[in-house]
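Report on one structure; see the data block that follows.
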Amino acid sequence: MPTVIPVKFRYAARDLWFDPQDTGAVEADHVICSTERGTEIGIVTADAHDVSDEEQQAICGDAALKPVLRIATDEDLDRADQLAEMGDEAMPVFRRMVSQSGLDMKPVGVEYLFGGEKVVCYFSAEERVDFRQLVRDMARELHERIDMRQIGVREEAAIVGGFAHCGQELCCARFGHQFEPVSIRMAKEQDLPLNSTKISGACGRLMCCLRYEFEAYRDFKGRAPKRNAVIETPLGKGKIVEYDTPKEQLTLRLENGKQIRVALADMEASEAAVKKSQELNCPCRPDTAPRAALERLATPEVQLALAELDREMGITPEEQVDNADLFVEAPRTRRRRRVETPAQPQQQDVAPQPEPTQEAGATRSRRRRKKRSEAEAPAAAVQDSPQAAPSASAPAEPKAPPKAPRRRRHHAVEGAVQQGEQPSRAAAREETKQDSKQDAKPRRQRRRPGDRGGEKAQAQQASKQASRQQAQRQQPSRQQLPKQQARKDAAPQQEGADAAAKRRRRHRGGRGKGKGGAEGTAPQTQQ
């Protein structure tokens with residue numbers, strides 16, 4: 001079995017195998033190797049290991065393994081840095097020559113080989129390009145042997161580097177040096193949107209990461225029920241509407257419209273599903289979600305639905321809630337009993353109770369306190385007196401009937417002589433007259449600067465008084481109103497009489513002359 005060691009070069013798409021010989025190179029060492037193009041420097045990506053002949057045939061083909069010359073020294077590393085700077089300086093010249101030639105190609109990089117055999121120019125293009133004249137121009141400009149090498153867009157992205165949609169460095173530049181085929185079927189299997197802008201990478205091709213989880217999705221969908229399949233559950237039939245492959249869960253939509261997530265490992269296959277899989281010679285898929293799978297769910301809606309189902313089936317009786325455990329009774333406060341006045345003999349005169357005085361503006365609570373104190377005072381006096389204790393032989397006298405409730409008085413009017421009497425109407429009138437007199441008193445006039453000792457105010461008052469008198473004169477009095485009304489009623493009759501007189505005078509041929517001698521008046525009859 002041959003021993004190989006993988007080495008990574010800067011502009012190579014994948015690791016190349018070499019014969020380590022007796023160099024003792026290990027992982028992360030820089031080594032000088034002999035390749036088909038010449039002598040190059042690279043970095044070891046893994047330790048030396050043995051491979052089978054079949055693997056070597058698949059990777060290298062019929063070509064023999066090239067040897068590792070030596071491990072790079074400090075002088076070799078300094079020379080590699082100088083060659084890298086020369087390649088960066090030659091890159092603008094390469095771009096200028098491409099633009100002058102007008103070729104449809106994109107310059108990617110320029111590499112000076114470690115042995116100095118030639119300069120390799122890398123470019124990308126969609127089709128084959130005739131670059132023979134470009135090689136002559138580049139050799140004349142750089143004074144080196146030029147080798148043009150066309151690479152693909154994926155190799156270009158791996159060489160240039162960059163960041164993907166996820167925010168991480170490109171997989172092809174970081175660790176994916178083996179370019180495996182990626183198809184659109186991988187995106188469909190992972191339920192990704194078939195939008196080219198969302199599933200394409202920086203190179204414009206399908207993203208390399210689509211193949212990472214493809215096997216996991218295909219394995220899960222091979223074991224899980226198909227989408228839109230009907231699943232039997234204790235809460236009724238459910239329909240599979242969604243897959244959660246990373247968690248291996250299924251989303252079921254029940255008959256009432258609610259959705260629940262059930263793990264694939266908790267589901268079971270019924271006898272009918274097992275029999276059908278044996279007949280068709282296909283893998284058996286579960287079609288039942290047992291009660292244990294639903295009980296593992298922490299959603300309160302599912303737990304309540306299961307409890308309601310148990311009550312309907314009569315499996316578990318309804319829990320009786322003990323009110324004594326839920327509610328704590330508050331300590332009962334001891335009420336004070338009202339001391340009743342014992343019945344007194346008929347011969348003993350009952351002490352008259354003092355009449356409560358009613359003050360103006362007393363509040364309701366104040367009156368209640370007074371009544372309570374006045375009611376308790378005679379009761380305490382009767383208990384202290386020796387005559388209050390009734391003899392056992394004396395018969396108990398009947399209690400006095402309760403007094404009628406006393407009507408409250410909301411307002412207390414001054415001038416009331418005795419309690420319970422309301423003021424007369426005359427007293428109320430006198431009080432209102434006194435208030436009106438007090439209001440009618442002339443207000444004290446204050447002198448103000450610029451009013452000339454009150455002359456201005458007096459003139460205004462005199463003008464107001466004159467206007468009032470004039471208005472009173474213009475308005476007819478109550479006695480004149482009937483006379484004016486009589487005149488208005490007699491006016492039509494007077495007009496009719498004047499018209500009749502005019503017609504008579506016209507019939508006689510002239511105007512009549514009466515005693516008055518005034519025109520338009522009725523002729524007076526001679527006595």
Side-chain angles (χ1 to χ4, degrees), residues 1-18 27-28 33 35-37 40 42-63 65-66 106 108-109 111 120 122-128 149-223 243 245-246 248:
M1 295 177 65
T3 302
V4 298
I5 184 170
V7 180
K8 174 69 173 66
F9 297 96
R10 181 181 179 185
Y11 290 97
R14 58 186 180 86
D15 298 345
L16 301 179
W17 285 355
F18 290 88
E27 185 179 358
C33 303
T35 63
E36 296 178 354
R37 300 185 301 178
E40 300 183 43
I43 184 172
V44 179
T45 58
D47 294 337
H49 60 277
D50 297 336
V51 295
S52 61
D53 297 335
E54 291 77 8
E55 292 180 359
Q56 181 183 0
Q57 185 70 20
I59 299 297
C60 302
D62 297 336
L65 293 175
K66 296 292 182 178
K106 179 180 178 181
V108 175
E111 180 187 13
V120 183
Y122 298 93
F123 68 94
S124 62
E126 296 293 337
E127 299 177 355
R128 290 180 61 87
R149 180 68 60 87
Q150 184 176 359
I151 61 177
V153 290
R154 290 196 177 189
E155 295 177 351
E156 176 190 356
I159 294 172
V160 176
F163 294 91
H165 301 298
C166 59
Q168 300 291 332
E169 188 180 357
L170 295 177
C171 298
C172 55
R174 183 168 44 172
F175 54 83
H177 305 303
Q178 301 293 337
F179 292 103
E180 298 179 3
V182 181
S183 62
I184 195 66
R185 180 187 174 188
M186 297 180 179
K188 291 181 180 179
E189 195 73 21
Q190 300 177 39
D191 300 329
L192 295 175
L194 302 180
N195 190 351
S196 59
T197 58
K198 293 185 178 181
I199 61 177
S200 298
C203 59
R205 302 292 190 268
L206 293 176
M207 294 186 295
C208 301
C209 58
L210 293 178
R211 69 174 185 271
Y212 297 161
E213 299 180 355
F214 170 67
E215 296 295 334
Y217 275 85
R218 185 169 61 177
D219 177 67
F220 173 75
K221 290 187 176 181
R223 294 182 288 108
Y243 288 146
T245 304
E248 292 196 356

- Task: Before giving the answer on salt bridge (charged side-chain N to carboxylate O under 4.0 Å, His left out), spell out for Arg37 and Glu111 the whole-Å C-alpha distance, their side-chain angles and the decisive distance to 0.1 Å.
- Result: CA-CA 12 Å; Arg37 300 185 301 178; Glu111 180 187 13; 3.8 Å; yes
- Would you indicate whether the side-chain heavy atoms of Phe9 and Cys33 approach each other to under 4.5 Å? yes
- Message: Looking at every heavy atom in both Thr245 and Phe220, which two are closest together, and how far apart are they?
- Response: OG1-CD2, 3.7 Å
- Message: Using salt bridge (charged side-chain N to carboxylate O under 4.0 Å, His left out), reason through Glu36 and Lys66 one step at a time and then give a plain yes or no.
- Response: CA-CA 9 Å; Glu36 296 178 354; Lys66 296 292 182 178; over 6 Å; no
- Message: Less than 4.5 Å apart, side chain to side chain, heavy atoms only: is that true for Val4 and Asp50?
- Response: no
- Item | Beyond-backbone contact of Leu210 with Leu192, side-chain heavy atoms, under 4.5 angstrom | yes
- Message: Any heavy-atom pair between the side chains of Ile5 and Asp47 that's under 4.5 Å?
- Response: no
- Can you tell if the side chain of Pro2 reaches within under 4.5 Å of the side chain of Val51, non-hydrogen atoms only? yes
- Residue Arg185 excluded, over 12 heavy atoms near CZ under 6.0 Å: no
- Message: Can you confirm whether Arg223 is buried at CZ, in the sense that more than 12 heavy atoms of other residues, nucleotides or ligands lie under 6.0 Å from that atom?
- Response: yes
- Ring geometry between His49 and Trp17 (parallel below 30°, tilted from 30 to 60°, perpendicular above 60°): perpendicular
- Atom of Ala173, atom of Gly161 and distance for their closest heavy-atom approach: CB-CA, 4.1 Å
- Task: State, with a plain yes or no, whether a side-chain heavy atom of Thr35 is found less than 4.5 Å away from one of Phe18.
- Result: yes
- Message: Do Val182 and Met207 make a side-chain contact, defined as non-hydrogen atoms from C-beta onward lying under 4.5 Å apart?
- Response: no
